[in-house]
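Okay, so here's the structure we're looking at.
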Amino acid sequence: MSQASVKTYLPWVVAAALFMEQLDATIVNTAIPSIAASLGVTPLSLKSIVSSYILSLAVGIPVSGWMADRFGTRRVFAVAIVIFTLASVLCGMAVNAPMMIAARLLQGLGGAMMMPVGRLAIIRTFPKSELLGAMNFVIIPALIGPLLGPTVGGLVVHWVSWRYIFFINVPVGLIALFLVFRYMPDYRAAQRRPLDVVGLILFSSGTALLSWFLEIFGEHTMAPLTAGAILASSLGLLGAYALYARGRKFPLLRLSLFHIRTFRIAVVGGFLTRLGLGGMPFLLPLLYQVGLGFPAWKSGLLLMPAAIAAMAMKLVSQRLLHRFGYRQILVVNTVCIGLTIGLFAFVGADTPLVLIVMLGLTQGFFNSLQFSCMNSLAYADVDDQDSSMASTISSSFQQLSMSFGLAAGSLLTAWFLGDVPQSNRTMVISALHHGFATLSIITVISSLTFWRLRQDDGESISRGTALRLQR
């Protein structure tokens, strides 16, 4: 197998698996009422099928880098697809809620290994001068999946059975598995490092508890003392890991990588930016369906322009980065995203559909450029031997940022809505408008993080110049 063939097909392999994972993470939300009726339980009791998946991701992502270094990227990626596909079948065959939750936990473990290991294979296959183009291709499924999920889920539930939501993963998984054994390179670490069991327990427990807390906080009545205890416990576990990892030769996550300025800015800045972006998949369907009264299929179609724009951006992002550099692009583009989010605060019942479509296109365009820049900048000054660790840390922070973003969107809406019933469309639209305005301000402020970049940062990727470590 030639290197040219690997470079041609590897992005397709990773993109197919990532699309399957991202689509499945959101498609199930639309089917919860149908699943609940079929299993004879209330819809609220099945929210755990969403939180259980997120918990598995939080636990599995931190150990994925160690597994890839120890057993090889091809084997771990293949096992991840097998686990994810088999768990999908079990979800579709579930006869009760406990079986469904157990299958979703297993599915989440498979999904946790896909993103960081697939990204690691891309990083080690492509030189930094070609990395942006490859990651541009792979990141598209991560943008499209959450947008298509509600639409596809609604159509499947309407026309056939909710079980097919999970069964459609089988042919995709089999095709991806075939491509993995044919085109996935098998990278391993030159030096084997032992598994940091104590670090795994501390960090995974902390992230899982924090992710679970953020998932349920906005949807269930929780006593302030209980909420404070859970939050303090999760932050305490994460703080304990940070102290513990300092003296370890082989920590689970080597936090010293944050001494690399470009890595630190990309990860931390990306985390802050996603606080605003992460709430949009939650708020937009509420605006379209609850606020404006659109049917689910129409709401889903209004999310499609963002996906189309995300694909179009792939054609021009590399040239934009080559022309303007990471610093200028990230500062300006983050502000543009914030302003675009803020414009949704003016969308009401009398807004022409063509303007809503144009706004969705604009948001998808800016979002795609933002993710491409943040994800590729993180590896600009990271040594090849540290790529596995960098991929794991980056994926862990992205998972947490998505949980924070969704929680922020739901909490803001609930805060501005107060005790007003959701049947009052006027008040719902007003609450959502205030939520969009707040997320807009948060996103614009997050652009200050990228001011710390230098004009020539990331040129090893944007312009293919020599790698310079900046510690």
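- Judged purely by atom type and a 3.5 angstrom limit, Trp66 has no side-chain atom pairing as donor or acceptor with the backbone of Leu252.
- Contact of the Ile81 side chain with the Thr85 side chain is registered, since non-hydrogen atoms from C-beta on lie closer than 4.5 Å.
- In this structure the side chain of Leu412 never reaches within 4.5 angstrom of the side chain of Phe436, judged on heavy atoms.
- In this structure, the ring of Phe397 has its center less than 6.0 angstrom from the ring center of Phe258.
- With contacts defined as side-chain heavy-atom distances shorter than 4.5 Å, the pair Leu10/Pro185 qualifies.
- Summarising the geometry of Phe166 relative to Met100, their closest heavy-atom pair is CE1-CE, 4.1 Å, with the distance given to 0.1 Å.
- If you check the side chains of Tyr326 and Thr262, you find no donor sitting under 3.5 Å from an acceptor.
- Side chain of Thr334 to backbone of Leu330: a donor-acceptor contact under 3.5 angstrom is found.
- Partners of Arg254 under the salt bridge (charged side-chain N to carboxylate O under 4.0 Å, His left out) rule, at least two apart in sequence or in another chain, are Asp386.
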Trace of the side-chain contact (heavy atoms from CB on, under 4.5 Å) decision for Arg119 with Ser395:
CA-CA 9 Å; Arg119 183 182 294 168; Ser395 297; 3.5 Å; yes
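- Around the CZ atom of Phe71, the shell of radius 6.0 Å holds more than 12 heavy atoms that belong to other residues, nucleotides or ligands.
- Here the closest non-hydrogen pair linking Ala17 and Met114 is O-SD, 3.6 Å.
- Contact check for Met389 versus Arg193: side-chain heavy atoms found under the 4.5 Å cut-off.
- Shown here are the side chain to side chain donor-acceptor pair (under 3.5 Å) partners of Ser446, two or more places apart in sequence or in another chain: Thr273.
- The only member of Ile442, Leu439, Ile337 that meets side chain to side chain contact (heavy atoms under 4.5 Å, CB included) when paired with Leu277 is Ile337.
- Checked by atom type, the side-chain pair Ser56/Gln107 shows no donor-acceptor distance below 3.5 Å.
- The backbone N or O of Phe371 lies less than 3.5 Å from a partner atom in the side chain of Asn375, making a donor-acceptor pair.
- In this structure, Ala309 and Gly364 approach most closely via the heavy-atom pair CB-C, 3.8 Å.
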Begin from the C-alpha positions of Phe263 and Ile393 and carry the test side-chain contact (heavy atoms from CB on, under 4.5 Å) through to its verdict.
CA-CA 10 Å; Phe263 179 81; Ile393 293 175; 3.9 Å; yes
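- In plain terms, the two heavy atoms of Asp196 and Pro251 that are nearest each other are OD2-CA, 3.5 Å.
- Atom CE of Met115 and atom OG1 of Thr392 lie 11.0 Å apart (nearest 0.5 Å).
- With contacts defined as side-chain heavy-atom distances shorter than 4.5 Å, the pair Arg70/Arg188 does not qualify.
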Run Ile260 and Arg264 through side-chain contact (heavy atoms from CB on, under 4.5 Å) and show every step you take.
CA-CA 6 Å; Ile260 302 175; Arg264 180 177 65 253; over 6 Å; no
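- Annotation: Met99, atom CE; neighbour count of heavy atoms from other residues, nucleotides and ligands within 6.0 Å is above 12.
- Of all heavy-atom pairs between Gly435 and Leu283, the closest is C-CD1, 4.5 Å.
- Between Arg75 and Phe181, every side-chain heavy-atom pair lies at or beyond the 4.5 Å cut-off.
- Between Val382 and Ala378, the shortest heavy-atom distance links the atoms CG2-O, 3.3 Å.
- Here the OG atom belonging to Ser205 is positioned 8.0 Å from the CG atom belonging to Leu200, to the nearest 0.5 angstrom.
- Using a 4.5 Å heavy-atom threshold, the side chains of Ile356 and Tyr288 count as touching.
- Donor-acceptor pairing under 3.5 Å is lacking for the side chains of Ser388 and Tyr187.
- Note that CG of Leu287 and CE of Met280 are 8.5 Å apart. Values are rounded to the nearest 0.5 Å.
- Within the 3.5 Å criterion, the main-chain N or O of Ser204 finds a donor-acceptor partner in the side chain of Thr207.
- Tyr241 contributes a side-chain N or O that, together with a main-chain N or O of Leu253, makes up a donor-acceptor pair within less than 3.5 Å.
- With Val347 as the fixed residue, the side chain to side chain contact (heavy atoms under 4.5 Å, CB included) test singles out one of Leu292, Leu432, Leu355: Leu292.
- Taken from CZ in Phe366 to CG in Leu361, the straight-line distance is 11.5 Å, to the nearest 0.5 Å.
- A side-chain donor-acceptor contact under 3.5 Å links Arg74 to the backbone of Met184.
- Side chain of Ser394 to main chain of Ala390: no donor-acceptor pair is present (N/O by atom type, distance under 3.5 Å, no hydrogens or angles).
- Interatomic distance, Leu109 CG to Arg104 CZ, rounded to the nearest 0.5 Å: 12.0 Å.
- No side-chain heavy atom of Arg182 sits less than 4.5 Å from a side-chain heavy atom of Tyr9.
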Evaluate the criterion salt bridge (Lys or Arg N to Asp or Glu O under 4.0 Å) for residue pair Asp381 and Arg261; output intermediate values, then yes/no.
CA-CA 9 Å; Asp381 297 324; Arg261 186 167 47 80; over 6 Å; no
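- Checking side-chain atoms of Arg163 against main-chain N and O of Ala94 turns up a donor-acceptor pair under 3.5 Å.
- Using the six-membered ring where Trp is involved, Tyr53 and Phe84 have ring planes that are perpendicular, over 60° apart on the 30 and 60° scheme.
- Note that CZ of Phe77 is 10.0 Å distant from CG of Leu179, once rounded to the nearest 0.5 Å.
- Side chain of Asn169 to backbone of Ser88: no donor-acceptor contact under 3.5 angstrom is found.
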Show, in sequence, the C-alpha distance, side-chain angles and deciding distance for Gln363 and Phe344, and conclude whether the side-chain contact (heavy atoms from CB on, under 4.5 Å) test is met.
CA-CA 10 Å; Gln363 186 187 47; Phe344 279 100; 4.0 Å; yes
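- Looking only at distances, no side-chain donor or acceptor of Ser387 sits under 3.5 Å from a matching main-chain atom of Ile123.
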